Trainee: 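Attaching a single structure in structure tokens format; questions to follow.
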Amino acid sequence: MGTTMSPSRMTVDELYEQKFAYAAERYAEALRIFPNGATHDGRAQSPFPIYIARAEGSRKWDLAGNEFVDFLVGHGALLLGHSHPEIVRAVTAQMERGTHYGAAHELEIAWGRLVQQLIPSAERVRFTSSGTEATLLALRLARAYTGKSKIVKFAHHFHGWHDYVEVEGAEEPLPSGVPEGTAHTMVVLPPNEPDILEATLRDDPDIAAVIIEPTGGSFSTYPLAPDFLPTVRHLTRRYSVLLIMDEVITGFRCAPGGVQAATGVIPDLTTLAKVLAGGLPGGAVVGRAEIFEYLAFKDDPAWNREKKIRHHGTFNANPLSAAAGTTALRIIAEGWPSRLVNDLAQRLRSELNAVIDSHHLSGCVYGTYSMFHVMPYNPDSPHEKLNPYDSSRPFRPLHEVNPVLHRKLRRGMQVHGIDLMRTGGMLSVAHTEEDIRRAADALDRTLGLLVREGAIPGAG
Ligand code: PMP
């Protein structure tokens, strides 16, 4: 008998290193260029990442030709799938007409008007180049308009990486590189605790705004109690504090008009990016016209010097992003894309849950709208079925409670042809029943391996 290990006895990590062996060499080179060999914290992967060469629809292929069903969908940007033919045509045609005019152009008006038509809170629009820039500008607008300095954010709610939103709470260490003075202008509260929010808004007269991810922290990884969002709106109104809804992920995805259209909870300011720009870079802040006055020049030098917010950005509303964005938003305005992905995700969650049940595990696959997250076991009580929506028990997702299993699950799914975002992902209109079947099959095989390795607490 030879000495090669039989694939059936190999661990998830061994299978990963074997299948993607080609990546080790690229990674060694990348390590000499990038910290961690990565260009984004979320893309750093050990022992090395996969290297993608091409993508189309719901699929992507690595340098060795391995095919993946892609549930990252451009970190959520590709609601219409990779390289949607209409977007490719629009962007290619725009390339030939110029990529940057350093001037006003008609496409920015068409793009802005679509945003205004779709997003209920969008009386006015200002484009940025990313979601991080959008939340940065929204915070500055809120502070300028109210004349107050503090912002309330919720623990684990992600709003990009600028100094303000990096702050994770008084008990957490100060984020490296963020000045203390900046951190002290942020008040981080636990979500789903209306009494704590109310006491904070009532007792601190210096709060300009509350910012929230409307489906829960980190694209619904941290579930939000169903009545919390309307309660936040109610309390912010009562205490005259602005509400900023961060719809960078959810805008145009959960419904054409975002979560605000789906729920009727209308914020004062909204941040948008991702789907907004049809797969190219782009972001926006939208909101009440009265607040947007603070971005406008007036025939009043004192106003312009003391009150107006300065805002530049080389690639704001650039013609390529505007071409992709208008094309995407026109399709999304038809309504069917959100309905389709929400429906598909519901079926995906239920198929994946059936797999978890078939392995007699206490975890579940949860999420809202077109998002899903896999939690293979109940960390508090490994033999009791987990309910992430039971707000009487604080819920901690897999990457927090078991980072080793989190990494193994992702690698195992990649070995079986599925690429996840963290331990879940999002859907696009290009996903099919076949993709759902493949995901269920991959989860089945991956859980089988992980149970055999003893990587899942309470299993077997
Ligand atoms: N807000 C939310 C809710 C996000 O998910 C993200 C990105 N994942 C951002 C803001 C930051 O957007 P960007 O990556 O475009 O800077």
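Just so you know, these numbers come straight off a predicted model, no measurement behind them. One-based numbering along the sequence shown.
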Trainee: Strictly below 4.0 Å, N to O, side chains only: are R347 and D343 in salt-bridge contact?
Mentor: yes
Trainee: Could you grab the distance from atom CZ of R438 to atom CZ of F68, nearest 0.5 Å is fine?
Mentor: 11.5 Å
Trainee: Might you confirm whether atom OH of Y51 has over 12 heavy atoms from other residues, nucleotides or ligands at distances under 6.0 Å?
Mentor: yes
Trainee: Is any side-chain heavy atom of Y377 closer than 4.5 Å to one of L405?
Mentor: yes
Trainee: Taking atom CD of E172 as the centre, does the number of heavy atoms from other residues, nucleotides or ligands within less than 6.0 Å exceed 12?
Mentor: yes
Trainee: Surrounding CD of E434 (heavy atoms of other residues, nucleotides or ligands, distance under 6.0 Å), is the total greater than 12?
Mentor: yes
Trainee: Would S321 and N318 count as having a side-chain donor-acceptor pair, cut-off 3.5 Å?
Mentor: yes
Trainee: To the nearest 0.5 angstrom, please state how far the OG atom of S362 sits from the CG atom of D380.
Mentor: 10.0 Å
Trainee: To the nearest 0.5 angstrom, please state how far the CG atom of N66 sits from the CG atom of D62.
Mentor: 4.0 Å
Trainee: Heavy-atom distance under 4.5 Å between the side chains of F315 and S130, does that happen here?
Mentor: no
Trainee: Do the side chains of R59 and D435 get close enough for a salt bridge, i.e. N-O under 4.0 angstrom?
Mentor: yes
Trainee: Does a salt bridge link R410 with D419, judged by any charged N lying under 4.0 Å from a carboxylate O?
Mentor: yes
Trainee: Between R143 and Y164, is NZ or CZ placed under 6.0 angstrom from the six-membered ring centre and within 45° of the ring axis?
Mentor: yes
Trainee: As an exercise, state the distance from CD of E168 to CE of M186, rounded to the nearest 0.5 Å.
Mentor: 9.5 Å
Trainee: One thing to verify: whether D246 and K153 come together as a salt bridge, which I'm taking to mean a side-chain N less than 4.0 angstrom from a carboxylate O.
Mentor: no
Trainee: Flag yes if more than 12 heavy atoms outside Q117 fall under 6.0 Å of its CD atom; otherwise flag no.
Mentor: yes
Trainee: Would you call D441 and R445 a salt bridge, taking side-chain N to carboxylate O under 4.0 Å as the test?
Mentor: yes
Trainee: Nearest 0.5 Å please: distance from the NE2 atom of H159 over to the OG atom of S218.
Mentor: 10.0 Å
Trainee: Does E453 have any salt bridge (Lys or Arg N to Asp or Glu O under 4.0 Å) partners at least two apart in sequence or in another chain, and if so, which?
Mentor: K408
Trainee: In terms of relative ring orientation, are H156 and Y222 parallel, tilted or perpendicular, with 30° and 60° separating the classes?
Mentor: parallel
Trainee: Treating E247 as the side-chain partner and Q260 as the backbone partner, does any N or O pair qualify as donor plus acceptor under 3.5 Å?
Mentor: yes
Trainee: Which label fits F372 and F71: parallel for a plane angle under 30°, tilted from 30 to 60°, or perpendicular past 60°?
Mentor: perpendicular
Trainee: Considering the options L243, I212, V232, which one meets the side-chain contact (heavy atoms from CB on, under 4.5 Å) requirement together with P267?
Mentor: L243
Trainee: Can you list every pair that meets salt bridge (Lys or Arg N to Asp or Glu O under 4.0 Å) and has a residue in residues 32-44, with sequence neighbours left out?
Mentor: none
Trainee: Measure the CD1-CG distance between I52 and D70 for me, rounded to the nearest 0.5 Å.
Mentor: 7.5 Å
Trainee: For atom CH2 of W161, is the number of surrounding heavy atoms from other residues, nucleotides or ligands below 6.0 Å larger than 12?
Mentor: no
Trainee: Hey, are the side chains of L80 and I87 touching, using non-hydrogen atoms and a 4.5 Å cut-off?
Mentor: yes
Trainee: Taking C-beta and beyond as the side chain, do L224 and N192 meet within less than 4.5 Å on heavy atoms?
Mentor: yes
Trainee: Sub-3.5 Å donor-acceptor pair from the side chain of R349 to the main-chain atoms of M371, do we have one?
Mentor: yes
Trainee: Between F395 and Y366, does a ring-ring contact (aromatic ring centres under 6.0 Å, His included) hold up when you go through it step by step?
Mentor: CA-CA 12 Å; F395 173 75; Y366 64 98; 5.1 Å; yes
Trainee: For ring-ring contact (aromatic ring centres under 6.0 Å, His included), just list the numbers for F228 and F154, CA-CA rounded to whole Å, side-chain angles, deciding distance to a tenth of an Å, and then say yes or no.
Mentor: CA-CA 12 Å; F228 191 62; F154 296 103; 5.3 Å; yes
Trainee: With a 4.5 Å cut-off on side-chain heavy atoms, are L229 and T263 touching?
Mentor: yes
Trainee: Quick check: do T327 and R89 have side-chain heavy atoms less than 4.5 Å from each other?
Mentor: no
